[in-house]
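Working notes, structure below.
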Amino acid sequence: MKKLFLSIENLKSVSKTRCRVYQKVGVLTPYDLLYYLPRAYKDYREPVAVADILTDTQNVVKVTITRKKNPVYSSRGMQIFHADAVDDDGTELGITIFNQRFTFQTLEIGKSYVMYGKIIDNTHENRFEIQNPQLLKDMENPIEAVYPQTTGLTSPMVRTNIKECLQMLDELPFETLPAVLRDRFQLMSLPKALHTVHQPETLEEIDAAKHRIAFEELLRLELGLYLLKTRAEKKTEYPMQMIDMKPFRESLPFSMTSAQETAMQEIIRDMSGSSPMNRLLQGDVGSGKTAVAAAACYFCAGNGCQSVLMAPTEILAEQHYKTLTGFLEGLGIRVTLLTGSLTPKQKKKVCAEIADGSVQVIVGTHAVFQKAVEYQKLGLVITDEQHRFGVAQRNALAEKGGAPHKLVMSATPIPRTLALMIYGDLDVSVLDVMPNGRLPVQTYAITGKLRNRAVHFMIQELRQGRQAYIVCPAIAENEDSDSELKAVTAYAEEISKNLLKDWKLAVLHGKMSPQEKEDTMKKFHQHEIDVLICTTVVEVGVDVPNATVMLIEDAERFGLSQLHQLRGRVGRNSLQSYCILVTEHATEEAKERLKLLSSTTDGFQVAEADLQMRGPGDFFGSMQHGLPPLKLAKLTDTKMLHEVQEAAQYLLADDPNLQKEEHSALYMDILYLFSKYGMNGLN
C-alpha cells in the first residue's frame with residue numbers, strides 16, 4: 001500500500017517533466033492519480049452504419065478496405081493518404097490520414113477494421129469521409145475513459161499511468177469501508193469502484209462505481225471535520241464565569257431581537273465551559289451580528305480576557321472598530337484598531353497596549369496575528385467571514401492564545417444541511433430575525449426598456465441626499481464577445497455624460513489595487529461620491545447607510561445568493577431602500593430566479609432556492625479553503641447526505657477516534673486528504 005503514496009515520479013512512464021504537470025493538477029502520488037477521474041467515456045462497442053451517421057461528429061464504424069491510393073502532398077509538404085472502404089451494407093466511406101504513414105501502411109485491402117474518428121461530408125465525391133481514424137482492432141477496453149486535458153498531459157498518457165496504478169492496487173488491495181457498511185448501503189468495494197471508473201466494461205456499471213466514490217467523498221469530509229472538532233475540544237486556559245449582561249443590554253440604543261438573544265446565550269454558555277467555543281454566527285446582511293459579537297467581547301472583558309475581531313479589509317476593520325467602540329467604550333472597555341497602514345510608531349504603541357492588557361478589544365486586519373503582536377490574555381477570537389477566511393487562517397489567530405474561544409461571523413445565508421458540511425468543525429447560531437425599524441428592500445425586475453426610468457427614480461433619491469450603487473458584470477469592452485454586457489468603465493463614461501451628468505460618480509472593480517479600492521470605498525462612505533459604479537467587488541463592501549438604491553445591470557448573469565448579497569448593500573437603516581434588477585436576455589430559469597428575489601428578502605429562502613437551482617459549487621468551492629474538494633459528490637443529494645451521516649454515526653459510536661484496526665485505512669485516507677489540502681490539525 002505504501003507504493004501508492006510515493007511520488008508520482010516512481011511510475012515507470014512518468015518523467016520529471018510529466019511529474020511537474022501532474023503536480024499542477026494536484027496529482028502528487030499514484031493514489032491521487034486513481035482519483036483523477038474521467039470527464040467522459042468513448043463507447044467503441046457499437047459500430048454505426050455509414051448511412052446513419054451524423055456529419056461533424058465522432059463515430060465508430062466497421063468497414064472493409066477496398067482500395068488504397070498513392071499519397072499526395074499539400075503545398076506545405078504534408079503527406080495525405082487516401083483509402084476507400086465500404087461497410088456491411090455496401091455504403092462507401094472515404095478514409096483520409098494526415099502525416100501518419102505507418103497507420104496507412106497497416107491497412108490491408110479486403111480486411112475489415114473498426115475505426116473511431118470524425119466524419120465529414122465530402123460533397124466533392126458525394127460520400128462521407130472519416131479523418132485520421134483511430135484503429136480499434138486490438139482494443140483492451142471497449143469503453144475508453146477520457147480525462148481532463150491540460151498542456152503536457154493527454155488522455156492516452158493518463159490511461160497508461162493509471163493502468164500501472166491499478167496494477168499496484170491489485171497487488172496491494174485495500175478497503176476503507178467495513179463490509180457491514182458496504183452491505184447496508186449497497187456499495188461496491190473500493191478496488192472494484194476504482195477499476196470500474198477507469199476501465200469500465202459496461203456504461204451501466206459506471207454509475208455504481210461513481211456512487212461508491214461520491215459516498216466516500218462525503219463520508220471522509222464528515223468524519224474529517226468531526227475529528228477536527230474533537231481535536232479542538234481541549235481545555236481552554238481561560239475558563240469563564242457567568243456575569244451580569246444587564247449593563248450591556250441597557251447600554252444598547254435598541255432592543256436585541258429574539259434571535260440575537262438566543263445567539264448571545266449560546267455563546268455565553270459555550271464560553272463558560274472548559275472546552276474552547278468553536279461557533280459560527282450566521283445571519284443575513286443587517287441581521288445584527290456585530291451587536292452579538294460586542295456582547296461576546298463584553299462577556300470576555302468581564303472575565304478579565306481580551307478579544308480580537310479580524311476583518312478582511314481595512315475599511316471593514318475601521319467600520320467594526322467604530323461600531324464596537326460605540327457599543328463598549330461607554331461601559332469602560334477600551335477598543336483599539338490594528339491595521340497594516342499604521343505608522344511604525346503607532347503600531348508600536350498599540351502593540352504595547354495589547355501586551356500589557358490595557359486594551360480589552362482589538363479590531364484589525366490580518367495584522368492582528370502577525371508575530372510581533374503579543375496578547376496578555378487572549379480569550380476570544382472573532383473572524384469576519386465575509387472575505388471567506390479558511391480554517392487555516394482562523395487557526396493561525398487562535399494559536400496566539402491558550403486555546404481561546406472562536407467565533408466566526410458569516411453574512412452569507414447557507415441552508416443548514418450545507419452549513420453542517422461546510423462548517424462541520426463549528427457549532428451554528430443563526431440570526432433569522434431582522435432588527436426593529438429595518439424596512440425590507442423593495443426589489444423590482446425590469447427589462448432594459450425601463451432603464452432610463454429606473455435611473456430617473458435613482459436621481460429622485462439622490463436629490464434627497466441619498467446615494468446609490470450601479471453594479472455591472474464586466475470591467476472591459478468585449479470581455480465576452482457573444483453578449484452585450486455593460487462594461488463598468490464604458491458604462492460610467494456614458495452615463496456621466498447624460499443621465500447622471502450632474503452627480504459625482506466613481507468606478508470600483510477587481511482590477512484596481514487594494515489601496516485604490518480602499519480609497520474609493522472610503523470616499524463613498526464619506527459621501528464624496530454620489531453613485532458608485534462597480535462590479536461584484538462591492539459584495540463585500542463597506543456599510544453605507546445613506547445608500548438607498550442598488551441598480552444591477554444584466555442581473556440574469558448572477559446567481560440568486562450573489563444578487564441577495566448585493567441587495568444587502570442597501571437597506572442599512574430606517575430609510576426605504578430599493579433594488580432594481582435590469583435584464584435584457586433572461587432565460588426562463590433566470591426569470592424564475594429574479595421573480596423569487598422580487599418576492600422575498602429572506603436570505604435563507606433565497607439560499608435554499610439557489611442551492612437547488614445552481615448546486616453547491618459557489619458555496620463549497622470558495623468558502624472553506626483547506627478542505628478536500630468534492631469531485632463527484634453533490635451536496636444537493638439529500639438521500640446520500642442522510643446515508644453518509646448514518647454511516648458516520650455508526651462508525652463513531654463504535655470507534656470515536658477511528659483507531660481500531662478495521663478503520664485504519666479509512667483514518668489514513670482522511671489524514672492524507674486533509675493534510676494535502678492544508679489541514680494538519682488531525683495529526
Side-chain angles (χ1 to χ4, degrees), residues 225-245 248 256 259-283 287-311 320 324 327-328 333 360-363 368-369 375-386 389-411 414 416 419-431 623-624 626 679 681-682:
L225 288 169
Y226 168 82
L227 291 172
L228 272 176
K229 189 173 178 179
T230 55
R231 294 293 189 276
E233 288 173 355
K234 51 192 175 185
K235 287 191 179 297
T236 178
E237 291 181 16
Y238 308 122
M240 300 189 185
Q241 305 296 320
M242 294 298 293
I243 66 167
D244 183 10
M245 296 295 292
F248 175 79
M256 295 183 83
Q260 285 175 313
E261 281 283 356
T262 299
M264 184 175 74
Q265 293 305 325
E266 288 171 339
I267 290 166
I268 289 172
R269 183 192 65 216
D270 284 1
M271 292 172 69
S272 300
S274 59
S275 299
M277 174 178 70
N278 217 20
R279 184 166 288 276
L280 165 67
L281 178 61
Q282 182 187 334
S287 59
K289 292 183 295 298
T290 311
V292 176
C297 292
Y298 177 82
F299 179 78
C300 192
N303 277 274
C305 293
Q306 293 169 306
S307 306
V308 165
L309 191 157
M310 179 170 65
H320 282 307
L324 289 178
F327 284 145
L328 299 172
I333 297 172
Q360 292 85 40
V361 179
I362 300 92
V363 182
V368 297
F369 63 79
Y375 296 87
Q376 187 193 59
K377 201 175 179 183
L378 181 57
L380 172 64
V381 171
I382 304 172
T383 315
D384 185 343
E385 194 79 358
Q386 286 189 76
F389 290 108
V391 182
Q393 289 92 335
R394 296 203 304 267
N395 290 342
L397 182 52
E399 286 168 5
K400 282 284 185 183
H405 301 285
K406 289 187 283 186
L407 180 67
V408 177
M409 298 196 298
S410 175
I414 309 169
R416 188 163 185 83
L420 289 172
M421 294 301 292
I422 291 177
Y423 292 108
D425 59 328
L426 304 173
D427 295 311
V428 182
S429 292
V430 176
L431 298 184
M623 291 193 68
Q624 195 70 319
M679 291 303 301
L682 292 175

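- The nearest pair of heavy atoms linking Ala311 to His320 is CB-CD2, 4.0 Å.
- Between Phe327 and Ala291 the shortest heavy-atom distance is CE1-CA, 3.8 Å.
- Taking 4.5 Å as the limit, every side-chain heavy atom of Val381 sits out of range of all side-chain heavy atoms of Met310.
- With a 4.5 Å cut-off on side-chain heavy atoms, Ile268 and Met242 count as touching.
- Taking the side chain as every heavy atom from C-beta outward, Met409 and Leu309 approach each other to under 4.5 Å.
- No side-chain donor-acceptor contact under 3.5 Å links Glu266 to the backbone of Ser429.
- Rounding to the nearest 0.5 angstrom, the gap separating the CG atom in Asp384 from the CG atom in Leu281 is 10.5 Å.
- With values rounded to the nearest 0.5 angstrom, Gln360 atom CD is found 12.5 Å from Leu324 atom CG.
- Evaluated for a side-chain contact (heavy atoms from CB on, under 4.5 Å) with Val308, the options Ile382, Leu378, Leu380, Val363 yield exactly one hit, Leu378.
- Nearest heavy-atom pair across Tyr375 and Ile362 is CE2-CD1, 4.0 Å.
- Remark: side-chain polar atoms of Gln306 are paired, donor with acceptor, to backbone N or O of Gln376 under 3.5 angstrom.
- Between Met240 and Met277, the closest side-chain pair of non-hydrogen atoms is not below 4.5 Å.
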Which atom pairs, one a donor and one an acceptor, fall under 3.5 Å between side chains of residues 292-300 and the rest of the protein, sequence neighbours left out?
none

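- Atom OG in Ser275 sits 9.0 Å away from atom NE2 in His405 (nearest 0.5 Å).
- Side-chain contact between Arg279 and Ile267 is present, with at least one heavy-atom pair separated by less than 4.5 Å.
- Under the side-chain contact (heavy atoms from CB on, under 4.5 Å) criterion, Ala259 pairs with Thr257, Leu431, Asp432, Val433, not counting sequence neighbours.
- Looking at every heavy atom in both residues, Gly379 comes nearest to Tyr238 through CA-CD1, 4.0 Å.
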